[in-house]
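Each remark here refers to the structure printed beneath this line.
Sequence lines set the chain letters: A, B, ... in the order given, protein chains first and strands last, and positions in each chain run from 1.
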Amino acid sequence: MELLDTTLSDWMTGVFASCFPDHDLESVEIAVVATTVEGFGDYQCNAAMGLARVLQQNPRRIAESVVNSGADHEAVEKLEIAGPGFINIYLNTDWIAAQIVAMGGDPRLGVPVPGEGQRVVMDYGAPNIAKPLHIGHLRSHNIGSAIDRMLRFIGYEVVADNHLGDWGTQFGITIMGWRESGDAEALEQSPMAELERLYVESYEKTKTDEDWLTCCRQELVKLQAGDEENTALWRRFVELSLKELERIYARLGIRYDLSRGESFYNDQLPDTVSDLEARGLARPSEGAIVVFLEEEGLPACIVRKSDGGFNYATTDIATVRSRVEQLAASRIIYVTDERQQLHFKQVFAIAARLGYTASLEHVWFGLMRLPQGAFSTREGNVIRLDALLDEAEERARAVVAESSPDIPPDQQDEIARMVGIGAVKYADLSQNPQSAVTFTWEKALALNGNSGPYLQYACARISSVLDKYAERHPAVSLAEYPVILGESVERKLAVHLLQFAGIVIQAGENFRPNVLADYLYELAGMYSTFYQNVPFLRADEGVRESRVRLCGIVADVLRQGLSLLGIETPKRI
RNA sequence: GCGCUCGUAGCUCAAUAGGAUAGAGCGUCGGCCUCCGGAGCCGAAGGUUGCAGGUUCGAUUCCUGCCGGGCGCACCA
């Protein structure tokens, strides 16, 4: 199946070309887009206005030439001119029905694979370990994972790599904390709490105690130099943290192909720096080794500190090299918060100077904050991710228990898990990634309105309809009945369904999960209107089968779409 | 000071290669269960898209200035 927008745009481009053979229209894109306002057809082409200057003609006149040219297309019922020169396109309802049948018979629901043959490394999540995850960690994992799923679905060969913060200053701080007041028993009993305590207390001291800070840095340098005792401590801290991380990832349904943390690149750092120096890109400055990026209009970037330690930039440069050379990535996509924009500009600039041609893209998202302002581990006003997920599941559990008491308790638990986690994920993903997020429990846990559970609910109701139909008409094969789009809701629903493929590609290529979320919400809304106002199980034979088929495709799209956002869909809810 | 970014209904947010009448949710008010699941549906009220200019047939969208938030700017990551 071809994308609807593309089909119509290509056709329109041809029509314009044949209407105005004496002009070169190559430079102007003649696009057809879905109509924004009801009553102006299904699609519209606005090119006539834009071409008025090029063609030296009144735009309305141009539109008339196009509409009266006699050009036709199997998908198009009629064309109309409106306003200053809008060309409104009305689709042929039978054609829509035929497309819907084709879509319903396709396991991919008509979504093509434009990314085929491209390997892309996705870098998201990447939490600093040795500290528990809090709600601020949600976005990178959530948004990254959704983009990952969408890109995979449209054919990219994605390698999801969790670039864990398992190396660096925080370990110097934690190791000093351990030396000062480490409690072996506590570390055994509740490792994350103990690691957090050590970090927080030790970090506090760095703020007031200059010597302490120096010691922390020295411990880090020792660790980086392979000191035996520090390495053993580090290994233990990492091991405990990873176990905890795995548990949360299981809850969130996040899976990586690789988890190459910063430590993975540790032994490549000296070479990375000497390579930069050898090529004349880096040079000593104030005791550190620095790459100056004046040509790019960027501040200088330190690749080796004056104490001999390496930093984030160094690791990221080594990581680019590894991903390009070892993993054969043609694209690397980083998903981090907005604070790292400058950092990645610097890293990308250095990578370009090193001659890497892979496309490096930084997808940044807005910081999550509380209504009172930013939060931080040090301030003690963090909300643990675990606590959020627990609360979400609990609230969902209460609603399930009330609305579906007949479902066995263990199934209620399972439903509550899917609904609770789905609510949290959807609340985040339905927003433009680049907007800053103000966290409120009310929003994160919403179970109705524009929420994950609303979409899951629509799905569950359809499942129920399909089950009832199968029960009442056990021997019937729905596919033998034609799809009839008699009611205007049905037609609207069908046109919207046909837009799924284009939406998935747009959302994936532009790194915008909220575009997909928006689409699904609209779909569910249209379905609810349909459901509420048009009978289907009680309709006459033929109409009944057509409507049940349509329901089935809506459910398939909702399920597939939600799954691309990492949200599960229970059969009952 | 320089850079990035945001400012849309009472609140939280959509609307991104410029398109016709700026959309949702929450909250408020009013309707809808003899019926396929009410986590629902239908309707109402609510807007000078921060302000002032500019480009354009057309600007929430692009440009300039101003006001007001957020974030970043060499040895944290």
- Message: Can you measure A:R60 atom CZ to B:G19 atom P for me and round it to whole angstrom units?
- Response: 20 Å
- chi for B:C62 classified (syn = within 90 degrees of 0, anti otherwise) as anti
- Any N or O donor-acceptor pair linking the side chain of A:S435 to the base of B:A14 at under 3.5 Å? no
- Query: Does OP1 or OP2 of B:C13 have a side-chain N or O of A:T438 closer than 4.0 Å?
  - Reply: yes
- Taking the same atom, C1', in B:A74 and in B:G3, what whole-Å distance lies between them? 16 Å
- Locate the shortest heavy-atom distance separating A:V291 from A:A282; write the atom from each residue and the value. CG2-CB, 3.8 Å
- Are the side chains of A:R217 and A:L213 in touch, meaning some heavy atoms are under 4.5 Å apart? yes
- Task: Could you check which nucleotide pairs with B:G10 in any of the strands shown, counting Watson-Crick or G-U wobble with both distances under 3.5 Å?
- Result: B:C26
- Query: Does A:K345 have a side-chain nitrogen or oxygen under 4.0 Å from the phosphate oxygens OP1 or OP2 of B:C73?
  - Reply: no
- For B:U56, what is the paired nucleotide under Watson-Crick or G-U wobble rules, both distances under 3.5 Å? none
- Does the ring of A:Y521 lie flat against the base of B:A24, closer than 5.5 Å centre to centre with planes under 30°? no
- Task: Would you classify A:V399 as touching base, sugar-phosphate or nothing, given that sugar-phosphate means primed atoms plus P, OP1 and OP2, and contacts are heavy atoms under 4.0 Å?
- Result: base
- Item | Any A:T169 side-chain nitrogen or oxygen under 4.0 Å from OP1 or OP2 of B:A77 | yes
- Should the heavy atoms of other residues, nucleotides or ligands under 6.0 Å from NZ of A:K222 be counted, would the total exceed 12? yes
- May I ask you to say what A:R217 touches in the nucleic acid, namely base, sugar-phosphate or nothing, with a heavy-atom cut-off under 4.0 Å? sugar-phosphate
- Distance, P atom - from B:C76 to B:A17, rounded to whole angstrom: 42 Å
- Task: Hunt down the Watson-Crick or G-U wobble partner of B:G40, both distances under 3.5 Å, from any strand shown, or write none.
- Result: B:C32
- Message: Is the base of B:C36 stacked against the aromatic ring of A:F536, taking ring centres under 5.5 Å apart and planes under 30° as the test?
- Response: yes
- Task: Look through every strand shown and name the nucleotide pairing with B:U49 as Watson-Crick or G-U wobble, where both distances are under 3.5 Å.
- Result: none
- Ignoring hydrogens and angles, answer whether the base of B:G40 and the side-chain atoms of A:Q532 contain a donor-acceptor pair closer than 3.5 Å. yes
- Item | B:A24 OP1/OP2 closer than 4.0 Å to side-chain N/O of A:Y519 | no
- Query: What nucleic acid atoms does A:V534 come within less than 4.0 Å of, heavy atoms only: base, sugar-phosphate, or nothing?
  - Reply: base
- Query: Checking all strands, does A:D307 fall into the base, sugar-phosphate, or nothing category for heavy-atom contacts under 4.0 angstrom?
  - Reply: nothing
- Query: Side chains of A:H163 and A:T336: closer than 4.5 Å at any heavy-atom pair?
  - Reply: no
- Taking the side chain of A:V400 as heavy atoms from C-beta outward, which of B:G40, B:A39, B:C42 is closest to it? B:A39
- Task: Considering only NZ, NE, NH1 and NH2 on the basic side and carboxylate oxygens on the acidic side, decide whether A:R395 and A:E391 come within less than 4.0 Å.
- Result: yes
- Considering just the side-chain nitrogens and oxygens of A:K443, establish if one lies under 4.0 Å of OP1 or OP2 belonging to B:C11. no
- If only side-chain N and O atoms of A:T529 are considered, is one of them under 4.0 Å from the OP1 or OP2 phosphate oxygen of B:C41? no
- Can you tell me how far C1' in B:C32 sits from the matching atom in B:U61, rounded to whole Å? 40 Å
- Message: Considering every strand and a 4.0 Å limit on heavy-atom distances, what is the contact class for A:L298: base, sugar-phosphate, or nothing?
- Response: nothing
- Message: Does A:R559 form a side-chain contact (heavy atoms from CB on, under 4.5 Å) with A:S463? I'd like the steps, not just the answer.
- Response: CA-CA 11 Å; A:R559 245 194 311 275; A:S463 295; 4.3 Å; yes
- Pairwise C1' distance for B:G69 and B:C33, with rounding to whole Å: 48 Å
- Just checking A:A460: base, sugar-phosphate only, or nothing, at a heavy-atom cut-off of under 4.0 Å? base
- Can a donor-acceptor pair under 3.5 Å be found between the side-chain atoms of A:S528 and the base atoms of B:G40? no
- Message: Between A:W212 and A:S202, is there a side-chain donor-acceptor contact under 3.5 Å, judged purely by atom types and distance?
- Response: yes
- Item | Side chain A:E29 and base B:A17 donor-acceptor under 3.5 Å | yes
- Message: Taking atom types as they are modelled, would you say the side chain of A:E286 forms a donor-acceptor pair with the base of B:A74 within the 3.5 Å cutoff?
- Response: yes
- Item | C1'-based separation of B:G46 from B:G58 [nearest Å] | 27 Å
- Message: What's the gap between B:U8 and B:G50 when it is taken at their C1' atoms, as a whole Å value?
- Response: 10 Å
- Message: For the C1' atoms, the ones on B:C6 and on B:C13, what distance do you get once it is rounded to whole angstrom?
- Response: 13 Å
- Message: Could you check whether the side chain of A:S306 and the base of B:C75 have a donor-acceptor pair of N or O atoms closer than 3.5 Å, going by distance alone?
- Response: yes
- Note on the structure: Separation of B:A39 atom P from A:Q456 atom CD, nearest Å, is 14 Å
- Message: Regarding A:D467 and A:S464, do their side chains bring together a donor and an acceptor under 3.5 Å, going by distance alone?
- Response: no
- Of all the choices, B:C75, B:C41, B:G40, which nucleotide is nearest to the side chain of A:N448 once you look at every atom? B:G40
- Mark this stacking check for A:Y531 against B:G40 as yes or no, applying ring centres under 5.5 Å and ring planes under 30°. no
- Kindly say whether, by distance alone, the side chain of A:N88 makes a donor-acceptor pair under 3.5 Å with the base of B:A20? yes
- If B:U21 has a Watson-Crick or G-U wobble mate with both distances under 3.5 Å, name it; if not, just say none. none
- Message: Between B:A20 and A:Q44, counting only base atoms on the nucleotide and side-chain atoms on the residue, is there a donor-acceptor pair under 3.5 Å?
- Response: yes
- Task: For A:D518 and for A:R339, locate the closest nucleotide of RNA chain B by heavy-atom distance; then report the residue assigned to the nucleotide nearer the 5' terminus.
- Result: A:D518
- Item | Identity of whatever pairs with B:C71 - Watson-Crick or G-U, under 3.5 angstrom | B:G3
- Task: Classify the nucleic acid contact of A:P59 as base, sugar-phosphate or nothing, counting any heavy atom under 4.0 Å across all strands shown.
- Result: nothing
- In whole Å, what separates the P atom of B:A14 from that of B:C75? 34 Å
- Message: Students often get this wrong, so: under 4.0 angstrom with heavy atoms, is A:A436 touching a base, only sugar-phosphate, or nothing?
- Response: sugar-phosphate
- Message: Whether the A:Q412 and A:R397 side chains hold a donor-acceptor pair (N or O, under 3.5 Å, no angle test) is what I'd like checked.
- Response: yes
- Item | 5' precedence on RNA chain B between A:R512 and A:Y457 (nearest-nucleotide basis) | A:R512
- Query: Tell me, do A:P433 and A:V363 make a side-chain contact under 4.5 Å, heavy atoms counted?
  - Reply: no
- Query: So what does A:N46 hit on the nucleic acid, given a heavy-atom distance under 4.0 Å: a base, only sugar-phosphate, or nothing?
  - Reply: base
- Message: Once you apply a heavy-atom cut-off of 4.0 Å, does A:A31 come out as touching a base, just sugar-phosphate, or nothing?
- Response: nothing
